[in-house]
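Structure first, then comments.
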Number of protein chains: 4
Amino acid sequence: MGDDARTRPLRADAARNRARLLDVATEVFTTRGVGVPTEEIARAAGVGVGTLFRHFPTKEALLEAVMVRRLESIADRTAELAAGSEPAAAFFDCFRLLIDQSAGKNDFARALAAAGVDVHSTLQESSAAIRDRLDVLLTGAQRAGAVRPDLGLAELLALLAGTGAAMEQLGADPDGRERIYSVVFEGLRPR
Amino acid sequence: MGDDARTRPLRADAARNRARLLDVATEVFTTRGVGVPTEEIARAAGVGVGTLFRHFPTKEALLEAVMVRRLESIADRTAELAAGSEPAAAFFDCFRLLIDQSAGKNDFARALAAAGVDVHSTLQESSAAIRDRLDVLLTGAQRAGAVRPDLGLAELLALLAGTGAAMEQLGADPDGRERIYSVVFEGLRPR
Amino acid sequence: MGDDARTRPLRADAARNRARLLDVATEVFTTRGVGVPTEEIARAAGVGVGTLFRHFPTKEALLEAVMVRRLESIADRTAELAAGSEPAAAFFDCFRLLIDQSAGKNDFARALAAAGVDVHSTLQESSAAIRDRLDVLLTGAQRAGAVRPDLGLAELLALLAGTGAAMEQLGADPDGRERIYSVVFEGLRPR
Amino acid sequence: MGDDARTRPLRADAARNRARLLDVATEVFTTRGVGVPTEEIARAAGVGVGTLFRHFPTKEALLEAVMVRRLESIADRTAELAAGSEPAAAFFDCFRLLIDQSAGKNDFARALAAAGVDVHSTLQESSAAIRDRLDVLLTGAQRAGAVRPDLGLAELLALLAGTGAAMEQLGADPDGRERIYSVVFEGLRPR
DNA sequence: TATGAATGAGCATTCATTCAT
DNA sequence: GATGAATGAATGCTCATTCAT
C-alpha cells in the first residue's frame, strides 16, 4: 500500500520529542501517579505543553501510549523468553519478569487489569498480543506437566496482577519477595 | 423513624447524618475511586457540603474514617473467627473472609497497604489491631503444621493484598475464584 | 402598650450573655480584626452561635454594637474630663485619652471615621454625642487661647484619627509616642 | 535604564495583561478593600482567573505586587524631589507629595505600615529604598534647621501614615487639608 | 511546528445565618 | 431561651486543553 498516514515519517526532532515525552511520562506516572499535571511532564521533557498535546491529544491518550509501550515491551520480552527456553522454565521466568518489571506504583497491575477488560482499541491490540503469548507459555508449561492443568488464561492474568500487588505491598525486602514467589509457584504446581 | 424515648434527641440527627455520610462515602470511594467530588458525596447522603465538612474536616479525614471503619469491621470478624475454630480452619477461613469482604475496587488493597506502612495515628490503631490478630492466627496455624513456618506477618499481608487484587481482576467467576484460592492455599502449605 | 419592647427587662442570664458577647467581640475584633468567624466569638463567650444571633441579628449588628459601646464610653470620659479641668487641660487631656484608648488594631480610627460620615442611625447617635462634646472642648480651648482659632471640628476629628493611625504605626515605643504628641500639640498652638 | 537581563522577555500580550491586572487590582483594592474576589478583578481586567493566577500565584502575591509598584513610584518621586531642591523645601514638598499621592482608601497607610514592619522580601526592598531616601531628606532638613532634631525616621513614617489617615478622614475639602498640613508642619519646626 | 499564555469549569473548604431539638 | 447541627453560596486556586505568536 505504500506510505500509510500512520507510518508517516516523523521529523527527527518531533520523533525525539515524542520519545522523551513517553520516557518522562512513564517515569513520572510510575513514581508519582497519574495525578501529576501535564505541564510538569512537558517541562520535565524539555518541551512546551503545546508540544505534548500535539503528540498526545489528551492526557488520557498519553497515559494510554505509556501503557501500550509498556505492554509491547512486555510482549517482546515474553516472546524472547518463550523462544529461548524449555516450556517450564520459560513460563516461570516470564512470570518473574513480568512482576519484577512492574516495580513502582501499582501501575502494572492496572496495565494488566486493562489487559483483561478494556475499552480502548489501541490497548486492546497490545494486550491481546501479550495474552496470546502468555497463553502459549501457559499451555506449554501445562503440557510439560509443570503447571496445574485446570488453570486458564484469565486466572493466570489475575495471579500476575495479584502477585504484582503483593510485591508492591511488600516493598524491597528480597527474601520476602522470594518467599512470595515460592508460595505462588508451589501453588501453581500440579497436585 | 421510631423515636426512642431513651435516646438523646440531641445527637440523633447528627449521628444519622454521620453514618449516612460514611456509608455513602464507602460506597462511592469503593466503586468510583477517591476522585469523586465531596459535593457529590454530600448530595448522595442527602446533606449539604457544610454538613460533610462539619463531620469530617477534610476530604482526607473522610477517607480515613471510611478506612478505619472498614478495618475495624475486619478486625472484629477476624477476632470472631479466631475464637470459634481450631487454628488451621480459623486461619484459612479468615483469609477467605478478608478477601471476600474486600469486594469493590482496589480499596481493600489500599487499606491493607495502609496497614503495612502508614502515617495517620487513627489508622495505625485499627490496622495494628488487625495485624495483631492476624499474627496470632498465623502462628497458630503454623504451630498446627498447616502453614509454612518460614512466612512472616509481612508476607501474609502482602499475600492478602495480592489475592485481593487477583480476585478483583478476575471478576465474579466463582470457579475461577476457587482456583485462585486453591493456588494460594496450596502454596501456603508446608512442603 | 404597657411594656415597651425596647425596654423589656432582659432576663438576668440573657443580659449577662449579651454583655459577655460584647466584651469578647470587642476584644476579638480589636486584636484580630473583623475577619474572625462568629462561631469563634460565640465559643469564646461561652455561648452557642444561636445565642449570638439572637442578641445581634447580624455580624454587622454585633460590630456596630461594639462600636456604639466604645463611642459611648469615649463620650462619657470626654464629658468627665470636660467637667473637671480648665479648658486647655481638658482639651489636651481628652485628646490623649481618645488616642491612648484606641490601642489595638486600627479600630478606633475607623470608629472615628464612622463618627465623621456614617450610614447607621445607631452609630449616628453615639458619634453625634462625641462630636458635640468635642466641639465644646475645642471651642473652650480656643477661647482660652490654647488652640489655633482657625481649626474646626472636622479638622479635629481628622487629626484625632490621624494621630491614632500614627500611634498604631509607631508601636509601643513610649518616647516616640511622646514625640508624636509633641509635634501635634505644638502644631495645634496658636501661632 | 534599558532592559533588565533578569526580566524574562514577556510576550507583548502577556505584559499587557499583567499591567492591566495590576492597574485594575490597584484601583479595586484601593477603592473597595482587599476583600474583593479575585474573579472579579480578573473580569474587570478582561482576563480569566487562570491568567490572574498565572501572573500572581496567590491573591496575596497580587496585593504585594500592587504595593511594591506603589512604593517604587513613591521612591522615584521622592528621589526626584530630593535631587531638585534645597533641603528644607525638598523635605516638605516630599511630605506633601507622599500624602497627596496616597489618594484613595486606607491603602497608603497600610503601605507605609508595611514599610515599617514587614515580612515579605520584595516589599522589604522597595520599602527600604523609600526609608533610605526619607532618612536622607529628614537629616538634610534637620541639618538645615528646618525640622526638630529630636525626630527619627520611625516617627517620620508614623507622622506620614497619620497625616495620610487624617486626610483620608477629612475628604476633599482643600482648606481643611491645608490646615492639617499647617498643624503638622508647624509641629515639625524646631522649637 | 513549537511555545507557553489564556481559558474557565471544577474542586475543596469556609462561614454567616437558619432552625429543629 | 439556648444550643449547635445544617445549610449552601461564595472563594481561592488548579489544571486539562486551546490558540495566538
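None of the values given here were measured: they were computed from a predicted structure. Residue numbers start from 1 in every chain, and the chains themselves are labelled A, B, ... in the order their sequence lines are given, proteins ahead of strands.
B/Thr30 places a side-chain heavy atom less than 4.5 Å from the side chain of B/Arg70. Residues D/Thr26 and D/Arg69 form a side-chain contact, since some pair of their non-hydrogen atoms from C-beta on lies under 4.5 Å apart.
For C/Arg20 and F/dG1, the CZ to P distance is 18 Å, given to the nearest whole Å. When the P atom of F/dG4 is taken as reference, atom CZ of B/Arg18 falls 18 Å away, rounded to whole Å. To the nearest angstrom, P of F/dA16 lies 17 Å from CZ of D/Phe53. If you measure from atom CZ of D/Phe56 to atom P of F/dG12, you get 15 Å, rounded to the nearest angstrom. Atoms CG (B/Leu52) and P (E/dC11) sit 14 Å apart, rounded to a whole Å. In this structure, the CZ atom of A/Arg16 is 16 Å from the P atom of E/dT1, given to the nearest Å. Rounded to an integer number of Å, the gap from D/Leu21 CG to F/dG12 P is 14 Å.
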Could you write out DNA chain E as dot-bracket? Rules: Watson-Crick or G-U wobble, both distances under 3.5 Å, brackets [ ] for crossings, | for pairs with another strand, dot for unpaired. .||||||||||||||||||||
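Taking CZ from B/Arg18 and CG from B/Leu62, the interatomic distance works out to 9.0 Å, rounded to the nearest 0.5 Å. In this structure, the separation between OG1 on C/Thr38 and CG on C/Leu63 is 12.5 Å, given to the nearest 0.5 Å. The CD atom of D/Glu72 lies 5.0 Å from the OG atom of D/Ser126; values are rounded to the nearest 0.5 Å. The distance from atom CZ of C/Phe29 to atom CE of C/Met67, rounded to the nearest 0.5 Å, is 10.5 Å.
For the OP1/OP2 pair of F/dG4 and a distance below 4.0 Å, the side-chain nitrogens and oxygens of B/Arg54 include no atom meeting the criterion. Here D/Thr51 does not reach the OP1 or OP2 of E/dA5: none of its side-chain N or O atoms lies under 4.0 Å away. Look at B/Asn17 and you won't find any side-chain N or O under 4.0 angstrom from OP1 or OP2 of F/dA5.
Taking a 4.0 Å limit (strictly below) on heavy-atom distances, residues 35-48 of chain C reaches DNA chain E at C/Pro37, C/Thr38.
Taking each heavy atom of A/Ile41 and A/Val24 in turn, the nearest pair found is O-CG1, 3.7 Å.
Ranked by how close their nearest DNA chain F nucleotide is to the 5' end, C/Val49 and B/Val49 are led by C/Val49. Mapping D/Lys59 and A/Gly50 onto DNA chain F via the closest heavy atom, the residue that lands nearer the 5' end is D/Lys59.
Among E/dT3, F/dA6, E/dT14, the nucleotide with an atom closest to any side-chain atom of B/Ala14 is F/dA6. The nucleotide whose nearest atom lies closest to any side-chain atom of C/His55 is, among F/dA9, F/dA2, F/dG12, F/dA2.
Residue pairs meeting the salt bridge (charged side-chain N to carboxylate O under 4.0 Å, His left out) criterion with at least one member in residues 33-58 of chain B, sequence neighbours excluded, are B/Arg32-B/Glu40, B/Arg54-C/Glu39.
By the 4.0 Å N-to-carboxylate-O rule, C/Arg16 lies too far from C/Asp13 to be salt-bridged with it.
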